[in-house]
Enquirer: 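Pasting a structure here, questions to come.
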Amino acid sequence: MTYKKLNKLPNPRIVNPVKDSYDVIFPANIIDNKKIIIGDFTYAADRNFSHNIIGHYDHYNDKLIIGKFCQIGKNVKFYMNGVNHQIDSLSTYPFFIMEGWETNKPKIECFKNKGDTIIGNDVWIGDNVTIMPGVKIGNGVIIGTNSTVTKSLPDYTICAGNPIKIIKKRFDIETINLLNKLKWWDLPIATIKKYIPMLTSINEKQYKNWLKKITLNKI
């Protein structure tokens, strides 16, 4: 595989990073909500990305935090804590939001709040995935199409199913620890660009040797 040597660096502040593709977007550049934090170069293959963040209401004070370089498929839904109903009462019906009932809103403590939803860096999420409130997804996780994420997922695992199950680790523990130590997604853009041949290599011996050198010596 060869790589073109370009002087121009990628720009994380554009909306459409793929030429002639209207649907692929960097959502960080079109969402104006301080409680939705999306890292540089994370893309979504869905122009309607913001409409798929469901039940995100101010009074819950929860955040959706997505790291850098994530790849998010079409129709991925993020359910936030606002979708929850009272489950300890005789009825789960939300009378307080409906016209004509004239009832007070229950205290926030009456609703289940599972906290922020946090997605790590370099996470690949397939089409039609549903992510439930408060889950934590580690760095480098791959989530299969049509999965429902009901629990937190550890770094560099391949996961799928409804409900989600861990299928296997992507790498051995040593490699995972080295990747988390390197944190390549936080490096300067020019450095990441220089490292692309190794970041995309499928030669295990080659990339493991490189990881060891790069983390020990910072070459």
Side-chain angles (χ1 to χ4, degrees), residues 12 26-28 31 33-46 49-85 87 108-187 199 211 215:
F26 284 162
I31 291 178
N33 185 332
K34 292 182 179 179
K35 293 180 182 178
I36 300 174
I37 301 165
I38 304 174
D40 288 349
F41 296 106
T42 283
Y43 76 80
D46 193 339
F49 177 86
S50 60
H51 296 290
N52 291 327
I53 303 171
I54 301 164
H56 196 201
Y57 305 125
D58 284 343
H59 61 279
Y60 280 88
N61 203 33
D62 55 346
K63 295 178 182 178
L64 172 60
I65 302 171
I66 303 175
K68 301 176 183 178
F69 292 94
C70 292
Q71 313 111 62
I72 301 172
K74 192 173 183 63
N75 198 37
V76 173
K77 288 185 167 56
F78 299 88
Y79 283 96
M80 306 300 287
N81 287 288
V83 302
N84 290 324
H85 291 218
I87 62 172
I108 194 69
E109 296 81 21
C110 295
F111 300 92
K112 301 295 182 183
N113 189 331
K114 297 185 177 181
D116 298 337
T117 297
I118 302 175
I119 318 293
N121 303 279
D122 193 22
V123 173
W124 176 20
I125 304 174
D127 291 352
N128 304 310
V129 168
T130 298
I131 298 175
M132 299 305 288
V135 299
K136 311 293 186 287
I137 297 172
N139 296 320
V141 171
I142 296 174
I143 301 174
T145 299
N146 297 318
S147 297
T148 299
V149 183
T150 56
K151 62 182 180 181
S152 296
L153 304 172
D155 294 335
Y156 291 97
T157 48
I158 298 174
C159 308
N162 183 4
I164 198 83
K165 293 181 180 178
I166 298 170
I167 298 171
K168 65 176 184 178
K169 290 186 174 73
R170 291 180 57 192
F171 310 110
D172 59 37
I173 293 298
E174 181 186 30
T175 302
I176 292 172
N177 289 339
L178 288 170
L179 281 164
N180 282 330
K181 183 178 179 181
L182 175 61
K183 296 182 180 179
W184 64 262
W185 43 81
D186 286 336
L187 297 172
L199 292 172
L211 270 175
T215 53

Enquirer: Any donor-acceptor pair under 3.5 Å linking the side-chain atoms of Lys35 with those of Asn61?
Expert: yes
Enquirer: Between Phe26 and Tyr43, does a ring-ring contact (aromatic ring centres under 6.0 Å, His included) hold up when you go through it step by step?
Expert: CA-CA 5 Å; Phe26 284 162; Tyr43 76 80; 7.5 Å; no
Enquirer: Leu153 versus Ile143: any side-chain heavy-atom pair under 4.5 Å?
Expert: yes
Enquirer: Can you give me the closest heavy-atom contact between Thr150 and Pro163, atom names plus distance?
Expert: OG1-CB, 3.6 Å
Enquirer: Go through the structure and list residues passing salt bridge (Lys or Arg N to Asp or Glu O under 4.0 Å) with Asp116, not counting sequence neighbours.
Expert: none
Enquirer: Using 0.5 Å steps for rounding, measure from the NZ atom of Lys151 to the NZ atom of Lys136.
Expert: 15.0 Å
Enquirer: Could you grab the distance from atom CG of Leu211 to atom CD1 of Ile176, nearest 0.5 Å is fine?
Expert: 11.5 Å
Enquirer: Calculate, to the nearest 0.5 Å, the distance between atoms CG and CZ belonging to Asn52 and Phe78 respectively.
Expert: 8.5 Å
Enquirer: Would you call the rings of Tyr60 and Tyr57 parallel, tilted or perpendicular, taking 30° and 60° as the class edges?
Expert: tilted
Enquirer: Please report the closest heavy-atom contact between Tyr79 and Thr117, naming both atoms and the distance.
Expert: O-OG1, 4.5 Å
Enquirer: Would you check if Trp124 and Gln71 make a side-chain contact, meaning some heavy-atom pair closer than 4.5 Å?
Expert: yes
Enquirer: Going through the distances and angles, do Ile38 and Ile36 end up as a side chain to side chain contact (heavy atoms under 4.5 Å, CB included)?
Expert: CA-CA 7 Å; Ile38 304 174; Ile36 300 174; 4.0 Å; yes
Enquirer: Please lay out, stage by stage, how Cys159 and Ile142 fare under the test side chain to side chain contact (heavy atoms under 4.5 Å, CB included).
Expert: CA-CA 6 Å; Cys159 308; Ile142 296 174; over 6 Å; no
Enquirer: Has Arg170 got a side-chain atom pairing as donor or acceptor with Gly140's backbone, closer than 3.5 angstrom?
Expert: yes
Enquirer: Looking at Cys70, is its backbone amide N or carbonyl O close enough to the side chain of Thr42 to form a donor-acceptor pair, meaning the two atoms are under 3.5 Å apart?
Expert: yes
Enquirer: So does Lys112 get a backbone contact from the side chain of Asn84, meaning a donor-acceptor N/O pair under 3.5 Å?
Expert: yes
Enquirer: Where do Ile166 and Pro154 come nearest, in terms of heavy atoms and distance?
Expert: CD1-CD, 3.5 Å
Enquirer: With the side chain counted from C-beta on, respond yes when Val83 and Ile54 share a heavy-atom pair under 4.5 Å apart, and no when they do not.
Expert: yes
Enquirer: Kindly say whether the aromatic ring centers of Phe69 and Trp184 come within a distance under 6.0 Å.
Expert: yes
Enquirer: Start with the C-alpha distance between Phe49 and Ile31, add both sets of side-chain angles, then the distance that settles side chain to side chain contact (heavy atoms under 4.5 Å, CB included), and finish with yes or no.
Expert: CA-CA 9 Å; Phe49 177 86; Ile31 291 178; 3.6 Å; yes
Enquirer: Decide yes or no for Ser152 and Ile137: does some side-chain heavy atom of the first lie under 4.5 Å from some side-chain heavy atom of the second?
Expert: no
Enquirer: Which residues pass the side chain to side chain contact (heavy atoms under 4.5 Å, CB included) test with Ala160, not counting sequence neighbours?
Expert: Ser147, Ile167
Enquirer: Pair up each side-chain donor or acceptor in residues 125-132 with any protein partner under 3.5 Å, not counting sequence neighbours, and list the distances.
Expert:
{"unit_1": "Asp127", "atom_1": "OD1", "unit_2": "Lys74", "atom_2": "N", "d": "2.7"}
{"unit_1": "Asn128", "atom_1": "OD1", "unit_2": "Asn75", "atom_2": "ND2", "d": "3.0"}
{"unit_1": "Asn128", "atom_1": "ND2", "unit_2": "Asn146", "atom_2": "OD1", "d": "3.4"}

Enquirer: Run Asp122 and Lys68 through side chain to side chain contact (heavy atoms under 4.5 Å, CB included) and show every step you take.
Expert: CA-CA 6 Å; Asp122 193 22; Lys68 301 176 183 178; over 6 Å; no
Enquirer: State the CG-CG distance between Asn81 and Leu64, to the nearest 0.5 angstrom.
Expert: 11.0 Å
Enquirer: From Leu178 CG over to Ile173 CD1, what is the distance, rounded to the nearest 0.5 angstrom?
Expert: 11.0 Å
Enquirer: Counting only heavy atoms from other residues, nucleotides and ligands, does the tally under 6.0 Å from NZ of Lys77 exceed 12?
Expert: yes
Enquirer: What distance do Cys110 atom SG and His85 atom NE2 have between them, rounded to the nearest 0.5 Å?
Expert: 14.0 Å
Enquirer: I need the single residue from Asn121, Asp155, Thr215 that forms a side chain to side chain contact (heavy atoms under 4.5 Å, CB included) with Asn180. Which is it?
Expert: Asp155
Enquirer: For residues Ile66 and Ile72, determine if any side-chain heavy atom of one lies less than 4.5 Å from a side-chain heavy atom of the other.
Expert: yes
Enquirer: Just wondering, do Thr157 and Lys168 contact through their side chains at under 4.5 Å, heavy atoms?
Expert: no
Enquirer: Got Tyr156 and Val141 here, is their nearest side-chain heavy-atom distance under 4.5 Å?
Expert: no
